[in-house]
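All values reported here derive from a predicted model rather than from experimental measurement.
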There are 2 protein chains.
Amino acid sequence: MAEQAGTARRTPLSRERILRTAIALADAAGIGSLSMRNLAQELGVVPMALYKHVANKDELLDAMIDMVVGEIDTPMPDTEWKQAIRGRILSARSALQRHPWAALAIESRNMATPAILGYLDSVVATLRSGGLSADLAHHVMHAMGSRVLGFSQELFDTTRDAGRSGPSTAPQPAAMPPEVAARFPHLAEIATAASHDDASVVGSGCDDQFEFEFALDLLLDGIERLQQQGWTSAHR
Amino acid sequence: MAEQAGTARRTPLSRERILRTAIALADAAGIGSLSMRNLAQELGVVPMALYKHVANKDELLDAMIDMVVGEIDTPMPDTEWKQAIRGRILSARSALQRHPWAALAIESRNMATPAILGYLDSVVATLRSGGLSADLAHHVMHAMGSRVLGFSQELFDTTRDAGRSGPSTAPQPAAMPPEVAARFPHLAEIATAASHDDASVVGSGCDDQFEFEFALDLLLDGIERLQQQGWTSAHR
DNA sequence: ACCTGAACACCGTTCAAGT
DNA sequence: ACCTGAACACCGTTCAAGT
C-alpha cells in the first residue's frame, strides 16, 4: 500500500502519462476493454483522478487518436506527388497497424481532430503542388476516404479490435469449412485463387499489404489519368 | 395495464417482431440507444422475454444486419458485368442509407453473416461471368472493401450514427469557421472548389452520391483496364 | 415447464462530504 | 482548495424463486 503510494508519487499523474497508459492498454487488450475505471486502476489511481486531466472519455479517445496520427511521417519534400502521397499513406497505414484499435476509434468518432485536419491539409497540399486542380483534389479526397489515413474497411477484417492480445498474434481466418464452401462456391473459388506467396496458400493468409497497395495504386493510377486528361466535375 | 396486456397478446412476441422493432428503433434513435432493456420496453415486455427469441445482443445485431442486406436488389440477368456490379452496389448503398446505423454495425462485428456471404458470392459470380480471372476477382473484392456493400468510410461522415433523428434531417456540416480555414488553408480551398450543384455552394453540402459514384467508377474503370490487359498478380 | 424479478458485475459521470 | 468515496442511472446477462 505504502509502496504503491510511493510509486504513484514518483511518477505523478499527468495527461501525458494517462494517454500513454491508455494507448498501451488499448494496444494490448483492445479498445473494448479500455474503461475509465480500469485505466485508473492501471495507473494506481482512483477513477475520478483522471477527470483532472481529461474532460471525459470522448476527449480521452480524441487525444489518443491524435497521438497515433502524430506518428505518421512528415512529408518528404521534392518528391513527385504520386510517390509522395503513396509513401505518406503507407506510413499512415503502419502507424495504424501499431495500434489496431485506432481505425475503429477514428470511424466511430466524428474525427475532426486538429491532428487529423493537419495531416489531411498536408496531403491536399501535396496533391495541389502536383498540379491537380482544387476541383479534382476535392473529389480525390472523397474517393480515398479513410484509405488516406491508412485503413479501409476490409471485408472480414480479423485484425480490427476483437479484444484479443497484441497485433503480433495475427489471427489468420480459418480455412473455409467445406459446407460453407459448398454454399458460396464463388467465394470459395477466389479464396484459393490469389497466388500471394506461393500456390500452397489455401484460402487463408491473404497478404494484407499487397491488397492495400493494389487498391491504392488502382486509385492513384486512375487519378493520374484523370489529371492528365484535364478532368473537371463539369462533365456531369 | 390490462390494455397493454391485451395488446401484447394480440401481437405476441416473435423473432420477426423483435427484429422489426429493433430496426425501427435504431433507425429512429441511432444504434447507440438500442439496448435490450429499452427494446423490451418498446415491445411492452420484460427484458428477459427477448432471450427466448434471440441468444444475446450480438446475435440480435447480426440478424438486424441480415435483414438490411436482404433489402439489396437481386442481380439483373443478362447485364454487362460492369453495369451489373455498379447497379448492385448502388442498390446496396440505398439500402444502407435507409438504415444509417447499419454500416457502423457491420464494421464493428466480424460480419461473416450468411446474408452478407450470399451477397458477396453473387457479386463474385458476376465478376467471373464477366470474364475476370479468379485471381483478379480476388484482388478486386479486396480493393472494393466495404464499398461493395454500399458504404465507405468518408472522412467527416455526418450521417453515420450520432444518435440523432432519422436520415431525412441530413445534417450538413457547418461551413468552416474562419480560424479553422486559416490553419488548414488547403482544406479550405478544396472545400469551396467542387462545383457540385452550382458555384453558390460554399464548403458545405457535398453531393455524397456524386462522390460515391466518382470513386466507384474510378475503381471499376481501373479494373476493366486491368482485365483488358490480362493482369495477373504474378507481376509482383 | 414456463416466466420473471432480483441480483450480479460492470459502465461513465455527478456530487457532496471529508480533509 | 483539493481530493475522493459513495451514489446515480445506466448496461447485458445469470439465476433462482415463483407460478
Peer 1: Separation of B/Ile31 atom CD1 from D/dC11 atom P, in whole Å?
Peer 2: 14 Å
Peer 1: How would you list, by chain and number, every residue that makes a side-chain contact (heavy atoms from CB on, under 4.5 Å) with B/Asp73, sequence neighbours excluded?
Peer 2: B/Ser91
Peer 1: Identify the nucleotide, in any strand shown, that forms a Watson-Crick or G-U wobble pair with D/dT19, with both distances under 3.5 Å; if there is none, say none.
Peer 2: C/dA1
Peer 1: Rounding to a whole Å, what distance do you find between A/Gln41:CD and C/dC11:C1'?
Peer 2: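 It is 14 Å, rounded to the nearest whole Å.
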Peer 1: To the closest 0.5 Å, what do you measure between CD1 (B/Ile23) and CD1 (B/Ile18)?
Peer 2: 12.0 Å
Peer 1: What are the residues of residues 18-26 of chain A, sorted by number, that bring a heavy atom to within less than 4.0 Å of DNA chain C?
Peer 2: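 Correct list: empty, so none.
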Peer 1: Could you tell me whether A/Phe210 and B/His142 have their ring centroids closer than 6.0 angstrom?
Peer 2: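 Not under 6.0 Å, so no.
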Peer 1: Once you round it to whole Å, what is the distance between P of D/dC2 and CG of A/Leu13?
Peer 2: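 Taking CG of A/Leu13 and P of D/dC2, I get 16 Å after rounding.
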Peer 1: Output the distance between atom CD1 (B/Ile116) and atom CD1 (B/Ile106), rounded to the nearest 0.5 Å.
Peer 2: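 Result: 4.5 Å between the selected atoms.
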Peer 1: A/Asn38 side chain to A/Ser33 main-chain N or O, any donor-acceptor pair under 3.5 Å?
Peer 2: yes
Peer 1: Could you write nucleotides 12-19 of chain C as a row of B, S and -, 5' to 3', where a protein heavy atom under 4.0 Å of any base atom gives B, of only sugar-phosphate atoms gives S, and otherwise -?
Peer 2: BBBB----
Peer 1: Any pair with a residue in residues 41-58 of chain A that passes salt bridge (charged side-chain N to carboxylate O under 4.0 Å, His left out), sequence neighbours left out, goes on the list, sorted by first then second residue, please.
Peer 2: A/Asp58-A/Arg109
Peer 1: Tell me, please, which residues at least two apart from A/Ser14 pass side-chain contact (heavy atoms from CB on, under 4.5 Å).
Peer 2: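 Partners of A/Ser14 by the side-chain contact (heavy atoms from CB on, under 4.5 Å) criterion, ordered by chain and then number, come out as A/Glu16, A/Arg17.
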Peer 1: Only counting residues at least two apart or in another chain, list the ones meeting side-chain contact (heavy atoms from CB on, under 4.5 Å) with B/Arg86.
Peer 2: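 Partners of B/Arg86 under the side-chain contact (heavy atoms from CB on, under 4.5 Å) test: B/Gln83, B/Leu90, B/Glu213, B/Leu216, B/Asp217, B/Leu220.
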Peer 1: Which base sits across from D/dC11 as a Watson-Crick or G-U pair, both distances under 3.5 Å?
Peer 2: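 By the stated definition (distances under 3.5 Å), nothing pairs with D/dC11.
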